[in-house]
Amino acid sequence: MLAETCLQTRLQEAKRCARVLELDISQRNIQAYVIACVTDTDIHVDKIGEVLGQALAHPSRVLLGAFEKSELYQTVRPLLNEDTN
């Protein structure tokens with residue numbers, strides 16, 4: 001899990017980028033992209049705007065990247081792999 005200060009920094013950058021890109025962050029899908037960019041630690045804070053822009057064209061890439069890092073995914077994936085072996 002991200003530290004609170006890191007999370008706040010990433011969120012502020014994502015919100016700034018959303019404003020620059022003129023995205024309506026009241027829309028559910030835009031909120032999901034913003035959250036995905038904030039929570040995916042493989043995305044450097046300086047690249048959040050670039051990835052957020054890419055999310056409009058390729059949302060599944062951004063959402064999947066963030067989801068794969070979630071605690072729930074990390075818990076269920078080994079269980080799924082056990083059942084497929």
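Remember, predicted model here, so these are calculated numbers, not experimental data.
Through side-chain heavy atoms spaced under 4.5 Å, either directly or across other Ile, Leu, Val, Met, Phe, Trp or Tyr residues, Val45 is tied to Ile43, Ile48, Val51, Val62. Residues Phe67 make up the rest of the hydrophobic cluster containing Tyr73, defined by ILVMFWY side-chain heavy atoms closer than 4.5 Å, directly or through other members.
Residue pairs meeting the salt bridge (Lys or Arg N to Asp or Glu O under 4.0 Å) criterion with at least one partner in residues 42-52, sequence neighbours excluded, are Asp42-Lys69, Lys47-Glu50. Pairs passing the ring pair (Phe, Tyr, Trp, His ring centres under 6.0 Å) check and including a residue from residues 10-40, sequence neighbours excluded, do not occur. Judged as a salt bridge (Lys or Arg N to Asp or Glu O under 4.0 Å), not a single pair has a partner in residues 28-38 (not counting sequence neighbours).
When every heavy atom of Ala14 is checked against every heavy atom of Val34, the shortest pair comes out as CB-CG1, 3.8 Å. Between Gly65 and Asp40 the shortest heavy-atom distance is C-OD2, 3.5 Å. Of all non-hydrogen atoms in His44 and Arg10, the two that sit nearest each other are C-NH1, 4.1 Å. Between Cys17 and Gly49 the shortest heavy-atom distance is SG-CA, 3.3 Å.
Looking at residues two or more places apart in sequence or on another chain, you find a side-chain contact (heavy atoms from CB on, under 4.5 Å) between Gln8 and Glu4, Gln12. For Leu64, the side-chain contact (heavy atoms from CB on, under 4.5 Å) test picks out Glu68, with sequence neighbours left out. Considering only residues two or more places apart in sequence or on other chains, Gln27 meets the side-chain contact (heavy atoms from CB on, under 4.5 Å) condition with Asp24, Asn29, Ile30.
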Show me, pair by pair, the donor-acceptor contacts under 3.5 angstrom made by side chains of residues 52-61, not counting sequence neighbours?
none

(request) Kindly determine whether Glu13 and Arg16 satisfy salt bridge (Lys or Arg N to Asp or Glu O under 4.0 Å), including the steps that lead there. (result) CA-CA 5 Å; Glu13 176 62 11; Arg16 184 192 71 77; 2.8 Å; yes
